[in-house]
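So you know, we letter chains A, B, ... as the sequences are listed, proteins then strands, and number each from 1.
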There are 2 protein chains.
Amino acid sequence: MPVTIYDVAKKAGVGIGTVSRAINNSAQINPATKAHVLKIIKELHYQPHALAQSLARKKTFTIASVVPFFTNYFFVELLKSVQAALSNNNYDLILYSINRMDRRDTTLDRVLTERRADGVLIFSLGVSDEYAEKFIDSQIPVVIVDHMHPQIDSIVIANREGAYLATQHLIQVGHEQIGMIDGHLSSYPAILRLEGFKQALQENHLTFYDQWLEICDARVGEHGFNEAAGYKAMKRLLSRNSRLPTALFVASDVQALGVMRAAKEAGLRIPDDIALVGFDDIELAKFVGLSTMHQPIAQMGQMAVDHLLQRIQGVHHNGFYTELKAKLIVRESCGAKQAFRVQVE
Amino acid sequence: MPVTIYDVAKKAGVGIGTVSRAINNSAQINPATKAHVLKIIKELHYQPHALAQSLARKKTFTIASVVPFFTNYFFVELLKSVQAALSNNNYDLILYSINRMDRRDTTLDRVLTERRADGVLIFSLGVSDEYAEKFIDSQIPVVIVDHMHPQIDSIVIANREGAYLATQHLIQVGHEQIGMIDGHLSSYPAILRLEGFKQALQENHLTFYDQWLEICDARVGEHGFNEAAGYKAMKRLLSRNSRLPTALFVASDVQALGVMRAAKEAGLRIPDDIALVGFDDIELAKFVGLSTMHQPIAQMGQMAVDHLLQRIQGVHHNGFYTELKAKLIVRESCGAKQAFRVQVE
DNA sequence: ATGAAAGCGCTAACAG
DNA sequence: CTGTTAGCGCTTTCAT
């Protein structure tokens, strides 16, 4: 039987209110009695019961996060920064992971309904208008990360711009025949990255060839953002084109890894036969010399938490929507160094 | 103001007890009234308050997990399987991530004390006797994963045996001069893998050369299990040896990636100049053709959850300790195929 | 089968 | 400043 506030009160010879005041360093307590109570607390190894506190305070000091799968580098890094930021503010993190997309609504309902948390972080998940409504009704602060909804505070990477920049770089380096490997278009970033890609081509008066665009198969919940999908997509690209592009913008680094594997198998050299730019800047991008768009993931997590905590404290920016810029990292796979060398000579 | 059980009771014209019985499909309720109450519940969009339920039931349907960092592939995969298993059993997961090792005890105390959870999963963390004691006293079921304590139920990978097998393979393939790159010895698996390595050498009457053992620097909380540490360790190995080993057992795949990068920079070819076997079988091991020890991570997560849930239900195996076997996956980096080819010819 | 009442452990308003 | 009391929202006897 764990020790309760009553045990402490009795042993300290005070009322439970006083004990409560001692714990919550209330100003309304005599320093002497407070010290005494605290001493008894130590002796008894008393620890407040978080759930009881939450119930009485109507405040849980817990944030719920809804994450699809989270096997992926991006989520992990994000979760890590979120966890760090939360823990700095003495908030706990409860994880609702969505393994099957058909359970998404069930999970959202649960989050909405259980009221275990003071706020909700939704990662990379599209929220239907119906659920946006529900969240707004419920009054519980929500921020969506890596996706957006007009009615809900959202933080995203500037995907369109990032893709534009990546493609732009390929063009600057001298490429004119550029293809793209994208994630499945059920993914919001995949859509935007394709848009950015097309925009860059267009602005440079290059034509977009449909047969040079490969969309990865969407395995459950992952939108094709994995190595195997990239590999398969590249295989397809190779088999259905007699004339290949000289460069490829790949929507994510893990996919780019798959693309590299397929290219290698086909005897294609990177960047000589085919140049590559990825997106994400995972740790291994450096390892394989992959040029890519670096995303400020940690900053995104930190910002999401900051903003959510603000909202919980009642600060309400209307229609909060932030885009974080991705930054080009030039390594070997885009052939840039080679190209620059030519310029210099 | 959210709707409570009282609102439902009033509107349904019953007592709150009956409503409660309806929700918890108690047998002690007339099917007709139950149906009626359920209908009202639908109408009112009533949802039970999880915290209040937990407080009254003295049961939270939540598991606390204590994870160091979790940036690493191993944890992510593990957490994923844990999350899946938990969610199948309608348990929630609350995450206590340890970013700074000096906060470890604080975190454990919090877990112990807040009583938010019915059980605790501790990952890859050594538990001091003091805390083992505390956990046992607290009566709260705990299982340690990827580490062990004699007093606490533990599930680990058979690290010593895995390392032994990996080294054994290198030997079978013809290597006699074998070195090792290990994680920092503050890590339990790092210690065991070194032991297994030494044992294999010894049983084959090969000598262990101290200058061919590199221990990675332990950056905070990671025990050197990352790409950069592997890279640096390999650099050191190369710089301080004039005569190199012909093969290396590397304690983890991510480190092996770093080793490969350093080897490549030094103009060493794998496996021709130096053969490699890793440990973990991360997704990228396949990509780079790294031979490695595959760990049944998902199975480990599932088993941890199963066991913890059993304990929560009161089943108590005394001194539960399980080792899951790692399995050798032969790819290119160990030079095995080549060696086999030679044998065949 | 069902309503009333007594907690679960704590906070906060209310008197003093 | 401090003790008492009334909730927080629900489960669970205990009568009926």
Side-chain angles (χ1 to χ4, degrees), chain A residues 1-38 40-41 44-62 110 112-118 138-140, chain B residues 1-38 40-41 44-62 110 112-118 138-140:
Chain A
M1 219 44 328
V3 15
T4 75
I5 204 172
Y6 284 93
D7 303 319
V8 176
K10 182 154 41 153
K11 178 146 188 189
V14 299
I16 60 164
T18 302
V19 177
S20 176
R21 275 175 283 249
I23 310 169
N24 301 291
N25 17 36
S26 155
Q28 320 232 64
I29 186 175
N30 183 317
T33 44
K34 176 170 174 177
H36 176 233
V37 170
L38 255 24
I40 304 291
I41 285 180
L44 259 35
H45 297 292
Y46 166 76
Q47 296 292 156
H49 191 300
L51 259 35
Q53 286 183 312
S54 296
L55 188 60
R57 283 206 263 244
K58 291 171 171 294
K59 165 110 177 128
T60 64
F61 280 102
T62 301
R110 234 172 120 196
L112 220 26
T113 224
E114 287 186 339
R115 274 163 295 170
R116 281 172 183 272
D118 299 335
S138 79
Q139 308 262 30
I140 180 168
Chain B
M1 226 24 354
V3 15
T4 76
I5 204 171
Y6 284 92
D7 303 319
V8 177
K10 182 154 40 153
K11 178 145 187 189
V14 299
I16 60 165
T18 302
V19 178
S20 177
R21 267 161 275 212
I23 310 169
N24 301 291
N25 19 34
S26 153
Q28 321 232 64
I29 186 177
N30 184 316
T33 46
K34 175 169 175 178
H36 176 233
V37 171
L38 256 24
I40 304 291
I41 285 180
L44 260 36
H45 298 293
Y46 165 76
Q47 296 291 155
H49 190 299
L51 259 37
Q53 285 184 313
S54 296
L55 188 61
R57 287 192 188 133
K58 294 170 168 293
K59 165 110 179 127
T60 64
F61 281 102
T62 301
R110 234 173 119 198
L112 220 26
T113 223
E114 286 187 340
R115 273 164 297 171
R116 280 171 185 272
D118 299 334
S138 78
Q139 308 262 29
I140 182 169

Starting from [atom2] on [N], measure out to [atom1] on [X] and report it in whole angstrom.
X	N	atom1	atom2	result
B/Asn25	C/dA1	CG	C1'	16 Å
A/His36	D/dC1	NE2	P	18 Å
B/Lys59	C/dG9	NZ	P	17 Å
A/Leu51	D/dT11	CG	C1'	14 Å
A/Asp7	C/dC8	CG	C1'	14 Å
B/Glu114	C/dG9	CD	P	16 Å

Counting side-chain heavy atoms from CB outward, which of [options] is closest to [X]?
X	options	value
A/Thr4	C/dT2, D/dT2, C/dC10	C/dC10
A/His49	C/dG9, D/dC10, D/dG3	C/dG9
B/Leu55	C/dA1, D/dT2, C/dG9	C/dG9

Practice problem: Quick one: label B/Thr33 by what it contacts on the DNA or RNA (base, sugar-phosphate, nothing), any heavy atom closer than 4.0 Å. | Solution: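 Sugar-phosphate, no base atom in range.
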Quiz item: Which is true for B/Ile29 with a 4.0 Å heavy-atom rule: it touches a base, it touches only sugar-phosphate, or it touches nothing?
Solution: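 Result for B/Ile29 = sugar-phosphate.
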Quiz item: Where along nucleotides 11-16 of chain C does protein come under 4.0 Å, by heavy atom, of base (B) or sugar-phosphate alone (S), with - for untouched nucleotides?
Solution: BBB---
Practice problem: Nearest-nucleotide wise, let me know which of B/Ala27 and B/Arg115 is further upstream toward the 5' end of DNA chain C. | Solution: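 It is B/Ala27, whose closest nucleotide lies nearer the 5' terminus.
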Any side-chain heavy-atom pair from [X] and [Y] closer than 4.5 angstrom?
X	Y	value
B/Thr33	B/Arg21	no
A/Ile40	A/Asp7	no
A/Leu55	B/His49	yes

Quiz item: Is it the case that B/Lys10 places NZ or CZ above or below the six-membered ring of B/Tyr6, under 6.0 angstrom from the centre and within 45 degrees of the axis?
Solution: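 Not flagged: B/Lys10 not positioned over aromatic ring of B/Tyr6.
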Quiz item: Given C/dG9, is OP1 or OP2 found less than 4.0 Å from the side-chain N or O atoms of B/Lys58?
Solution: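 Result: yes.
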